[in-house]
Amino acid sequence: MSAAAWERTLNVRTADETHALAAGLGAQLRTGDLLVLTGELGAGKTTFTQGLGEGLGVRAGIISPTFVLVRIHPNLPDGPRPGGPDLVHVDAYRLGSASEIDDIDLENTMDSAVTVVEWGRGRVEHLSDSRLEVDLLRSLGGGIHSTEAHATEKTHQVEAAEDPEVLDFDTDDDDEPRTIVIRGFGPRWMDPPALPAPARNDTLPHPLEEN
C-alpha cells in the first residue's frame, strides 16, 4: 500500500467546528472522490459527513447508514452547487472484505458521486487510485480506544439499530475536543485541500489548531 502524500492534524473543540471544517472540505470535492472515515462511536463521523453534505450542496438529513449499509443523498438543483455530485454514504462495518464491498455496486455510483465510507479502511482502497483518509479521535473517555473496543461499541450500535424500541442511537453530536487527522493518497491528492479555520474568538484561543 502506498504511503500518504501528506498528512494534516487539526484540533477542534465542538461539533459545530467539526461540521464547519467538513463543509469547507466538501466544497472542494468533486465527482469520483473517495473518503474513508475512521473513528469510534461518538467521534463525529456523522457530524463530519453532514458537513461534507452541506459543502457539496446535497439534500439534508444525513444520518448514519448503519442498518441500511448505503444511503444516497442527491445533489440539490437549487442548492449551492447545482449539477454537482451526489453523496453516497456507506457503513462498511458489516462488510468483511473488498469482495463484499463489490457486491453493493459502489463502482456504479463513483462516476456521479462523492463516496464516503465509514469503517472502510482495508476494504475500499481498490475503488479508486486516490482517496482521503479521515481519522476522528476523541480526547475524552480515556484517550483513543483500541480497535477491539471500537468493534464492540459498533456491535452494540448495530444491535440497537435492529431493536424497534431504540429510536436514536447516534451520539456524534457531543461537544468535546477532537483531533482530526486527514491524509491524501494518489494523484488527485498530491497537494492538500485548503481547510478553513472557524472564525476567531478574541476572548478564547483559536478554535482550530494544526499540529
Side-chain angles (χ1 to χ4, degrees), residues 12 15-39 41 43-95 100-121 123-136 154 157 161 168-173 178 180-186 188-189 192-196:
V12 296
D16 284 347
E17 289 175 12
T18 299
H19 184 106
L21 172 63
L25 175 59
Q28 302 172 68
L29 298 178
R30 65 192 188 198
T31 299
D33 283 342
L34 173 66
L35 288 81
V36 181
L37 304 190
T38 301
L41 297 189
K45 297 186 298 298
T46 298
T47 299
F48 193 89
T49 306
Q50 289 167 346
L52 292 175
E54 178 182 310
L56 285 166
V58 303
R59 181 184 298 166
I62 293 173
I63 61 174
S64 175
T66 293
F67 192 53
V68 298
L69 300 183
V70 180
R71 294 184 187 274
I72 299 176
H73 302 274
N75 177 266
L76 294 173
D78 58 349
R81 293 181 62 182
D86 299 334
L87 172 62
V88 175
H89 188 194
V90 183
D91 188 320
Y93 173 75
R94 291 187 290 173
L95 303 176
E100 291 185 21
I101 291 289
D102 291 340
D103 289 341
I104 60 176
D105 295 327
L106 292 180
E107 293 91 344
N108 292 334
T109 57
M110 288 286 290
D111 61 354
S112 62
V114 168
T115 303
V116 178
V117 185
E118 299 182 17
W119 300 86
R121 186 168 294 164
R123 296 177 173 95
V124 301
E125 289 83 357
H126 67 290
L127 293 175
S128 175
D129 62 356
S130 299
R131 68 186 183 278
L132 289 179
E133 292 189 356
V134 181
D135 294 349
L136 296 105
K154 183 63 178 181
Q157 186 191 46
D168 184 6
F169 50 87
D170 193 321
T171 59
D172 272 355
D173 289 330
R178 290 174 172 83
I180 300 177
V181 182
I182 304 176
R183 303 178 189 88
F185 294 83
R188 162 77 169 104
W189 298 112
L195 299 176

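Just so we're clear, the structure is a prediction, and the values are computed from it rather than from any experiment.
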Looking at every non-hydrogen atom in both residues, tell me the closest pair between [X] and [Y] and how far apart they are.
X      : Y     : value
Ala22  : Phe48 : CB-O, 3.0 Å
Gly120 : Ala92 : CA-CB, 4.2 Å
Thr47  : Ala15 : CG2-O, 3.4 Å
Leu56  : Pro85 : CD2-CG, 3.9 Å
Ile63  : Thr46 : CA-CG2, 4.2 Å

Non-hydrogen side-chain atoms of [X] and [Y] separated by less than 4.5 Å:
X      : Y      : value
Arg71  : Ile62  : no
Leu195 : Ile182 : yes
Leu132 : Leu25  : yes
His126 : Ile101 : yes

**Complete:** Quick note, salt bridge (Lys or Arg N to Asp or Glu O under 4.0 Å) partners involving residues 25-36, not counting sequence neighbours, are Asp33-Arg188

**side chain to side chain contact (heavy atoms under 4.5 Å, CB included) assessment of Leu52 paired with Leu35** = CA-CA 10 Å; Leu52 292 175; Leu35 288 81; 3.9 Å; yes

**Prompt:** What do the steps show when you test Thr109 against Val70 for side chain to side chain contact (heavy atoms under 4.5 Å, CB included), and what is the final call?
**Reply:** CA-CA 11 Å; Thr109 57; Val70 180; over 6 Å; no

Measure from the side-chain N and O atoms of [X] to the backbone N and O of [Y], and report whether any donor-acceptor pair falls under 3.5 Å.
X      : Y      : value
Arg178 : Ala43  : yes
Glu125 : Arg121 : no
Arg123 : Leu95  : yes

**Asked** Passes side chain to side chain contact (heavy atoms under 4.5 Å, CB included), Val134 versus Val116? Steps please.
**Response** CA-CA 10 Å; Val134 181; Val116 178; over 6 Å; no

What is the distance from atom [atom1] of [X] to atom [atom2] of [Y], rounded to the nearest 0.5 Å?
X      : Y      : atom1 : atom2 : result
His89  : Glu118 : NE2   : CD    : 3.5 Å
Leu106 : Ser128 : CG    : OG    : 12.0 Å
Glu54  : Leu87  : CD    : CG    : 12.5 Å
Leu127 : Asp102 : CG    : CG    : 7.0 Å

**Plane angle bin for Trp119 and Tyr93 - parallel if under 30°, tilted between 30 and 60°, otherwise perpendicular** = perpendicular

**Request:** Might you work through the side chain to side chain contact (heavy atoms under 4.5 Å, CB included) test for Thr115 and Met110, ending with a clear yes or no?
**Result:** CA-CA 7 Å; Thr115 303; Met110 288 286 290; 3.3 Å; yes

**Message:** Taking side-chain hydrogen bond (donor to acceptor under 3.5 Å, both in side chains) as the definition, give me every residue that meets it alongside Asp129, ordered by chain and number, with sequence neighbours left out.
**Reply:** none

**Fill in**
Those residues at least two apart in sequence (or on a different chain) that pass side-chain hydrogen bond (donor to acceptor under 3.5 Å, both in side chains) with Asp86 are none

**Request:** Output yes when Asp91 and Lys45 qualify as a salt bridge under the 4.0 Å nitrogen-oxygen rule, no when they do not.
**Result:** no

